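All remarks here apply to the structure that follows.
Here is how names work: the chains are called A, B, and so on, in the same order as the sequence lines, proteins then strands, and each is numbered from 1. In this text, all values refer to a predicted model and were calculated from it rather than measured experimentally.
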Amino acid sequence: MIKINLPDGTSQEHEDHVTSLNIARGISERLANDVIAAEVNGSIVDAARPLTEFVEDSNAIDFRLLTVRDSESLGVLRHSCAHIMARAVMRLFPGTGLAFGPTTGHGFYYDFDVEQKISEDDFPRIEAEMSQIIKEGEPFERFSLPRGEAVELCEEMNQELKVEHLQTGLADHETLSFYRQGEFVDLCRGPHIPRAGKIKAFKLLSIAGSYWKGDKDSKPLQRLYGTAWFSKQDLASYLEQIEEAKRRDHRVLGKKLGLFQIDPSVGQGLCLWLPKGATVRVILEDFIKKELLDRGYDPVYSPHIGRVELYETSGHFPYYRDSQFAPIFGHDAGRIIDYCIRKLEEGGLSSEKEEALLQAAEIMGYERGDYQKATTAEEKISALRKWEKQQERYLLKPMNCPHHAMMYKSEPRSYRDLPVRLAEFGTVYRHEQTGELNGMLRVRGLTQDDAHLFCTPEQVEEEFRQTLQLVQYVLKSVGLDDYRIQLSGRDPNSDKYVGSVETWNQAEASLQKVLEDSGLRFEICEGEAAFYGPKADFMVRDAIGREWQLGTVQLDYTLPERFELEYTGADNKQHRPVMIHRAPFGSLERFVGMLIEHFAGAFPLWLAPEQIRVLPVTDKVADYAQDVLRQLKAKGFRASADMRSAKVNAKIRDAQLELIPYMLVVGPKEAEEGAVSVRDRIESKDLGMIPLAEAIEKFETEVREKTIRQQFKSTFQALEETTEESENEY
RNA sequence: GCUGCUGUAGCUCAGUGGUAGAGCACUUCCUUGGUAAGGAAGAGGUCAUGGGUUCAAGUCCCAUCAGCAGCUCCA
């Protein structure tokens, strides 16, 4: 007999051969029909598997049925759909090799090794074949084989990649599971849905290139993406969500609304903030500047470049060399010597080339000095380094912290001075990979709303707590109130981190304690930390439910060490401060880009680049229109007047399309009474004629309270909590 | 950086190896109007850049640059 514990706290006993399906059928035929899989002792398994396989030491097992109403079931459904897609592709493209086919956030993909190029034109026939397979409704059957037989089976099926994976990634697995569905057999961990007929709606989405095991030197594959749902409505609202996201694309809106521009002749990933976009940014900057001053921060400025030695001290230069713009060398030969050093370190420089490079450097003014006496590579490197140190080398600032550390160091500090909070909208430059650049969301020159807090170890928790409050406040002000925090710690198995294990543990514990006290939603991600300390990132959900990583708070016990920062304690001894890096918005580029998508370009009144537009009905009231405009501007509103000799309908249409929050229509009636007719863009209707003073008061209130009036509700609510990315082992 | 796709007027896009196109925007003129497009005329092009094939290239081929999607990366 098997004892099972149900989620409601009750227990049941069943025969040894019982399956989840049997249990469901015992309750009702309808439930049995709805069952997709089961959760047994915390892992999801096939509904048809005998539960006896999961019994350990004759203990009871924790058991839960998963039906179409449980979010976990979607992952199972999609993985099964990936198999069905693979089956269809193998029918249409005989000889297809199978790689991996996992689920993703809202769908699945499968990587195929196939000669012919699959294109979107092939989607209809693949989908038709899939529909046919689903209609046949064959079950997914699981079976296990010992290693040797598993390899044989994959060889028989000509699945070379599966064979390779069995011998590498799965080398330590004694038995391996397979799933059969009709003629289709695939090495797979599972679980799967009971029958293909459970898939009520699916769609192929895109095709892209990929590589075997993600290694670009490995075999190129074709990756087919798709999505699958339990109902046609769910699929429809998911597709609608994708369309909605396209409508909100900040690159399109940014161009249409004249917010920003990225021009190839300026440079890849270099953003030009046009007046309207810059206005939004200035308002946000002013807003946060005021908050910082109120909260005890001191404003500072630092230049856009600094000596390479500064970043060697901080450790950033060697660590991130490849994603920085190349150094600026003060000496013509600097670049050649730098190249020599790097090649000598790698050991990949022939003596002929080395000599040729040095001769070229000499033409440019380099003198060999110690190098002549050097015999080993180490000695040569050290001689070249010595020369290099005597020259000027600058780096475009890749981060602000070293500058702020130097400011801290500029005077002796007492524990009474701490915490010291230095804030700067610091522009930094990073040579991001070409393929990563994306509108304003990923650029090469960006401005962080950066600050560094220098405090005693005892103050860390309180500073972190206050920083959390600041971030919560600013996010609320722009209408973002749905977010969670991702606490990233170190990966105990990696050596990329600096600093001792003790300080890391101490830092991670401090952050976690404050987060627990705060009551905010957070999760811990091992191995995601920066190399110098743990961090807490804000994952913010926008109007249509997408998550964005924005602000960040990072503890740093390492830079103070590297820069030898100190303060005098109450004991009159020197102590090392702790540094906290924090940026509530992250970068202004990314934040504004995200806001454009969040608001679909229609900013709330307090942020709108143009808040109000005066629309005279005829030229006869031009003077009055100008007078209204003057009064609006005197009150600090960003306003304009449309003085074209067009009909008011046309002016309204243009203002609507330009997403101007309020239009003031003025004609002879309004002019006579000193009034305006207010038109609201969101409601797209006339609010009636009111005195100008009253209208101004209304707008002032809306700005002061930072009212967010636009309420977009996405139809896409379908089981949002599904796990991000579930790795399928094979 | 890698793979695939794309690049034609300010914008969105047609264009079959044989004279460069449309709508919107823009300029000028007419029109003076009441809550989402009044009318007419005009101007606007190194078809991304550089090579090649051809009697002839926007169109075919190669390279470069840039954009998009995906992968890898993210202080």
Side-chain angles (χ1 to χ4, degrees), chain A residues 104 109 111 117-120 205-225 246 249 251-252 255-256 258 261-269 311 314-317 319-324 397-402 428 430-439 441-442 446 448 450 496 528-533 535 537 549 552 554 556 558-559 581 583 586-587 590 615-622 644-658 663-670 677-681 683-689:
Chain A
T104 60
Y109 66 81
D111 283 347
K117 250 188 55 74
I118 302 176
S119 81
E120 298 206 359
L205 296 176
S206 60
I207 176 103
S210 68
Y211 294 99
W212 173 237
K213 297 192 170 175
D215 175 4
K216 71 173 191 257
D217 297 323
S218 191
K219 196 174 189 107
L221 304 169
Q222 299 191 61
R223 175 170 298 177
L224 205 43
Y225 285 87
K246 272 189 201 157
D249 190 322
R251 292 165 301 189
V252 177
K255 187 178 265 184
K256 202 192 288 182
Q261 184 185 7
I262 294 176
D263 190 315
S265 35
V266 174
Q268 256 192 314
Y311 310 105
S314 72
H316 290 95
F317 178 67
Y319 192 87
Y320 289 107
R321 169 119 205 196
D322 290 341
S323 48
Q324 286 166 0
K397 178 168 72 172
M399 78 295 300
N400 301 302
C401 28
V428 299
R430 295 172 182 180
H431 196 265
E432 303 286 2
Q433 292 182 37
T434 324
E436 293 311 320
L437 300 173
N438 176 270
L441 298 178
R442 196 76 183 270
L446 55 130
Q448 300 173 312
D450 209 0
K496 77 167 188 173
E528 295 293 312
F531 73 89
Y532 51 68
K535 59 177 183 172
D537 292 318
Q549 186 189 319
T552 181
Q554 309 182 352
D556 188 347
T558 304
L559 275 194
H581 309 240
S587 87
R590 184 173 164 78
L615 310 181
V617 169
T618 100
D619 288 352
K620 297 188 185 89
V621 289
R644 294 175 302 171
S645 72
K647 288 172 75 165
V648 72
N649 283 353
K651 295 182 184 181
I652 286 170
R653 180 184 144 86
D654 288 346
Q656 285 280 145
L657 292 177
E658 285 176 59
M663 287 150 251
L664 301 184
V665 177
V666 297
K669 276 183 289 180
E670 287 80 5
S677 287
V678 182
R679 183 186 163 95
D680 173 26
R681 186 200 65 82
E683 300 284 335
S684 193
K685 72 172 189 195
D686 185 2
L687 300 182
M689 191 169 89

- Query: Distance from A/Asn438 atom CG to A/Asp249 atom CG, nearest 0.5 Å?
  - Reply: 7.5 Å

- Note on the structure: To the nearest 0.5 Å, atom CE of A/Met663 lies from atom OG of A/Ser677 at 12.5 Å

- Task: Could you check whether A/Tyr319 and the base of B/rA75 form a stacked pair, meaning centres closer than 5.5 Å and planes differing by less than 30°?
- Result: no

Side chain of [X] - closest among [options]:
X        : options                : result
A/Pro264 : B/rA66, B/rA75, B/rG33 : B/rA66
A/Arg430 : B/rC73, B/rA37, B/rA75 : B/rA75
A/Tyr225 : B/rC71, B/rG33, B/rA75 : B/rC71
A/Gln433 : B/rA75, B/rC73, B/rG34 : B/rC73
A/Ser677 : B/rA75, B/rG33, B/rU35 : B/rU35
A/Lys647 : B/rA37, B/rA75, B/rG38 : B/rG38

To the nearest Å, how far apart are [X] [atom1] and [N] [atom2]?
X        : N      : atom1 : atom2 : value
A/Asp537 : B/rA75 : CG    : P     : 9 Å
A/Leu221 : B/rG70 : CG    : C1'   : 13 Å
A/Leu615 : B/rA37 : CG    : P     : 14 Å
A/Gln261 : B/rG10 : CD    : P     : 13 Å
A/Met399 : B/rC74 : CE    : C1'   : 12 Å
A/Tyr320 : B/rA75 : OH    : P     : 4 Å
A/Lys255 : B/rC11 : NZ    : P     : 6 Å
A/Glu658 : B/rA36 : CD    : P     : 16 Å

Using Watson-Crick or G-U wobble geometry with both distances below 3.5 Å, tell me the partner of [N], or none.
N      : result
B/rG33 : none
B/rU54 : none
B/rU12 : B/rA22
B/rA66 : B/rU6
B/rC47 : none
B/rU27 : B/rA41

Taking side chain as C-beta onward, heavy atoms only, is [X] less than 4.5 Å from [Y]?
X        : Y        : answer
A/His581 : A/Asp556 : yes
A/Val617 : A/Val666 : no
A/Val428 : A/Arg430 : yes
A/Leu664 : A/Leu615 : no
A/Tyr311 : A/Lys397 : yes

Please tell me if [X] has a side-chain N or O lying less than 4.0 Å from either OP1 or OP2 of [N].
X        : N      : result
A/Asn438 : B/rA69 : yes
A/Gln549 : B/rC74 : no
A/Lys651 : B/rA37 : no
A/Arg251 : B/rC68 : yes

- Message: I'd like to know if A/Arg223 and A/Asp111 make a salt bridge, using a cut-off of under 4.0 Å between side-chain N and carboxylate O.
- Response: yes

Could you tell me whether [X] contacts a base, only the sugar-phosphate backbone, or nothing, with contacts defined as non-hydrogen atoms closer than 4.0 Å?
X        : answer
A/Arg679 : base
A/Gln554 : sugar-phosphate
A/Gln324 : base
A/Val617 : base
A/Pro616 : nothing
A/Lys685 : nothing
A/Lys246 : nothing

Please report the distance separating the [atom1] of [N] from the corresponding atom of [M], rounded so that it comes out in whole Å.
N      : M      : atom1 : answer
B/rG7  : B/rC47 : P     : 15 Å
B/rC11 : B/rA25 : P     : 15 Å
B/rG15 : B/rA57 : C1'   : 14 Å
B/rC55 : B/rG42 : C1'   : 38 Å
B/rC24 : B/rA37 : C1'   : 11 Å
B/rC65 : B/rC26 : C1'   : 29 Å
B/rG58 : B/rU54 : C1'   : 16 Å
B/rU59 : B/rA20 : P     : 13 Å

May I ask you to verify whether the side chain of [X] and the base of [N] hold a donor-acceptor pair under 3.5 Å?
X        : N      : value
A/Arg442 : B/rC74 : yes
A/Ser323 : B/rA75 : yes
A/Gln268 : B/rG67 : no
A/Ser645 : B/rU32 : no
A/Arg590 : B/rC74 : no
A/Asp619 : B/rU32 : yes
A/Ser684 : B/rA36 : yes

- Side-chain donor or acceptor of A/Lys651 paired with backbone N/O of A/Arg644 under 3.5 Å: yes

- Query: Of A/Gly439 and A/Met689, whose closest RNA chain B nucleotide lies nearer the 5' terminus?
  - Reply: A/Met689

- Task: With side-chain hydrogen bond (donor to acceptor under 3.5 Å, both in side chains) as the test, would you mind laying out the steps for A/Gln433 and A/Ser323 before giving the verdict?
- Result: CA-CA 7 Å; A/Gln433 292 182 37; A/Ser323 48; over 6 Å; no

